[in-house]
There are 2 protein chains.
Amino acid sequence: MVRPLPFDPIEEAGRQWDQRWSGSAAMQAATSIMRAQQIVLARVDDALKPWSLTFARYEVLVLLTFSREGTLPLGKMGDRLMLHQASVTNLVDRLEQQGYLRRVAHPTDRRTTLAALTAEGRAIIDEATAAVVKASIGVAELNNRDQQDLHRILKKLRSGANDFSN
Amino acid sequence: MVRPLPFDPIEEAGRQWDQRWSGSAAMQAATSIMRAQQIVLARVDDALKPWSLTFARYEVLVLLTFSREGTLPLGKMGDRLMLHQASVTNLVDRLEQQGYLRRVAHPTDRRTTLAALTAEGRAIIDEATAAVVKASIGVAELNNRDQQDLHRILKKLRSGANDFSN
DNA sequence: CGATATTACTTGGACTTCCAACTATCTGTC
DNA sequence: GACAGATAGTTGGAAGTCCAAGTAATATCG
């Protein structure tokens with residue numbers, strides 16, 4: 001557990017940083033992102049505990065739900081989720097062990113493995129999503145305007161990181 | 001390595017999400033935060049490679065630099081960096097092994113361990129910071145206005161997560 | 001003063017992420 | 001058609017994060 005402070009540590013770090021170096025606004029932005037990620041992750045993970053899921057594994061299931069057949073090649077999932085192949089292998093291992101999906105052979109390309117939602121996986125995803133939405137997906141303090149501003153600003157960052165072309 | 005997509009996967013996820021559930025703006029904001037953190041982390045870690053440092057360990061050294069004596073109790077570092085005690089122990093272990101700091105006994109409270117910058121730790125921090133600043137602390141695409149907006153919006157989130165009192 | 005509670009840190013385990021190396025399978029070219 | 005190169009996935013290892021439990025030392029309170 002982390003104890004609350006009587007002051008904002010990122011504001012304080014900005015003051016100290018300014019006394020020695022330049023770029024404190026960038027430092028505060030970067031540090032805020034790092035911390036915000038921890039907060040969102042902890043909240044969503046907490047909301048998903050009833051299903052023994054984590055945000056990472058939940059996202060895999062959601063992505064499969066988005067596909068018509070409930071089936072996708074592992075590589076394609078890595079692309080969409082912006083995850084390394086090894087991370088996908090890991091997540092699929094665990095989800096398979098939990099019975100939420102299973103690995104299926106690709107009909108024509110024997111290199112490819114498909115992840116396929118099981119009935120159980122399909123059954124829980126709406127409940128789990130209801131819990132995640134109830135937890136405001138970890139961003140309860142932000143109104144719609146804030147959420148959109150955030151998305152817009154971070155899109156610049158992601159675009160520059162080659163997350164998508166153009 | 002992650003392959004770039006011809007479209008923004010977060011925009012696409014928003015479209016799909018809207019067809020089934022509510023709260024897609026929150027989902028996009030949360031997902032953007034998760035992804036932005038990965039990007040910033042990868043960039044800063046990359047900039048710190050010449051010193052075999054990571055963002056996490058670098059922040060420990062910066063925090064020590066901010067203290068007059070270059071010395072802080074591990075617990076206080078955890079509070080400021082918003083990290084669990086176990087994470088601080090881990091980071092201090094590694095930094096001690098690298099010779100950038102050492103553990104020192106607290107003069108009066110024998111429960112407490114102080115982390116103290118070594119001469120080497122003090123010597124590299126300015127160079128390392130120059131490299132990090134040169135990498136725009138991972139947020140090169142954001143202008144000053146964006147950086148401040150981001151900081152302001154995420155502060156709401158952090159405040160609600162009890163990072164600091166009011 | 002002594003028992004209890006609190007605080008500080010460490011340890012072991014779980015999870016996620018990455019990278020590098022490896023196997024298996026396709027693809028494309030000569 | 002055979003061989004080189006690309007692609008798909010897995011494995012092992014490193015790093016960071018957390019939690020829960022454990023040890024040691026200090027504080028509190030009856």
Side-chain angles (χ1 to χ4, degrees), chain A residues 1-3 34-46 48-49 51-60 72-98 101-115 161, chain B residues 1-3 34-46 48-49 51-60 72-98 103-115 161:
Chain A
M1 208 36 19
V2 177
R3 290 141 291 194
M34 302 298 292
R35 177 58 185 151
Q37 187 264 355
Q38 280 187 309
I39 291 168
V40 171
L41 183 61
R43 288 172 171 179
V44 175
D45 279 357
D46 190 62
L48 288 169
K49 275 199 177 135
W51 300 273
S52 296
L53 284 173
T54 59
F55 199 171
R57 274 175 279 157
Y58 167 75
E59 285 193 294
V60 171
L72 282 174
L74 301 203
K76 181 160 279 189
M77 295 203 293
D79 294 343
R80 298 296 185 91
L81 300 173
M82 292 161 289
L83 288 178
H84 195 276
Q85 289 98 334
S87 303
V88 176
T89 294
N90 179 5
L91 297 174
V92 168
D93 280 353
R94 293 175 198 281
L95 287 166
E96 192 168 28
Q97 223 168 348
Q98 290 184 280
L101 59 76
R102 60 182 198 287
R103 281 180 168 87
V104 172
H106 188 282
T108 63
D109 187 338
R110 286 187 299 166
R111 291 171 304 181
T112 300
T113 300
L114 302 174
Chain B
M1 208 32 23
V2 178
R3 289 141 291 195
M34 301 299 290
R35 177 57 185 152
Q37 186 264 359
Q38 280 187 310
I39 292 169
V40 171
L41 184 61
R43 287 172 171 179
V44 175
D45 279 357
D46 191 63
L48 288 169
K49 276 202 176 133
W51 300 272
S52 296
L53 284 173
T54 59
F55 199 171
R57 274 175 279 154
Y58 167 75
E59 286 192 294
V60 171
L72 282 173
L74 302 203
K76 181 161 279 189
M77 294 203 294
D79 294 342
R80 299 296 185 93
L81 299 173
M82 291 162 289
L83 288 177
H84 194 276
Q85 288 99 332
S87 302
V88 176
T89 294
N90 179 6
L91 297 174
V92 167
D93 280 353
R94 292 175 199 283
L95 287 165
E96 191 168 28
Q97 223 169 348
Q98 290 184 282
R103 281 181 168 87
V104 172
H106 189 284
T108 63
D109 188 339
R110 286 187 300 165
R111 289 172 303 183
T112 300
T113 301
L114 301 174

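To find a chain, count down the sequence lines: A is the first, B the second, and so on, and within it residues start at 1.
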Filtered N/O pairs between nucleotides 3-6 of chain C and protein, under 3.5 Å:
none

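- The side chain to side chain contact (heavy atoms under 4.5 Å, CB included) check on A/Gln38 picks up A/Arg35, B/Leu83, with sequence neighbours excluded.
- By the side chain to side chain donor-acceptor pair (under 3.5 Å) test, A/Arg80 pairs with no residue at all, sequence neighbours left out.
- Remark: A/Ala56 pairs with A/Thr54, A/Leu91 by the side chain to side chain contact (heavy atoms under 4.5 Å, CB included) rule, at least two apart or across chains.
- Every residue two or more places apart in sequence or in another chain that forms a side chain to side chain donor-acceptor pair (under 3.5 Å) with A/Asn90 is listed here: A/Arg94.
- For the segment residues 36-45 of chain B, residues with any heavy atom less than 4.0 angstrom from an atom of DNA chain C are, sorted by number, B/Gln38.
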What pairs of nitrogen or oxygen atoms, one from the protein and one from nucleotides 13-15 of chain D, lie under 3.5 Å apart?
residue: D/dA15; atom: OP2; partner: B/Arg94; partner atom: NH1; Å: 3.1

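- Remark: B/Arg43 pairs with B/Glu141 by the salt bridge (charged side-chain N to carboxylate O under 4.0 Å, His left out) rule, at least two apart or across chains.
- Partners of A/Arg111 by side chain to side chain donor-acceptor pair (under 3.5 Å), not counting sequence neighbours, listed by chain and number: A/Asp109.
- Taking A/Asp93 as the reference, A/Thr89, A/Arg103 meet the side chain to side chain contact (heavy atoms under 4.5 Å, CB included) condition, with sequence neighbours excluded.
- Comment: B/Asp79 does not engage B/Lys76 in a salt bridge, judged by the lack of any side-chain N to carboxylate O separation of less than 4.0 angstrom.
- Remark on the helix from C/dC1-D/dG30 to C/dC30-D/dG1: inter-end axis angle 10°, axes from five-pair C1' superpositions, rounded to 10°.
- With sequence neighbours excluded, the residues forming a side chain to side chain contact (heavy atoms under 4.5 Å, CB included) with B/Glu59 are A/Thr31, B/Phe55, B/Leu81, listed by chain and number.
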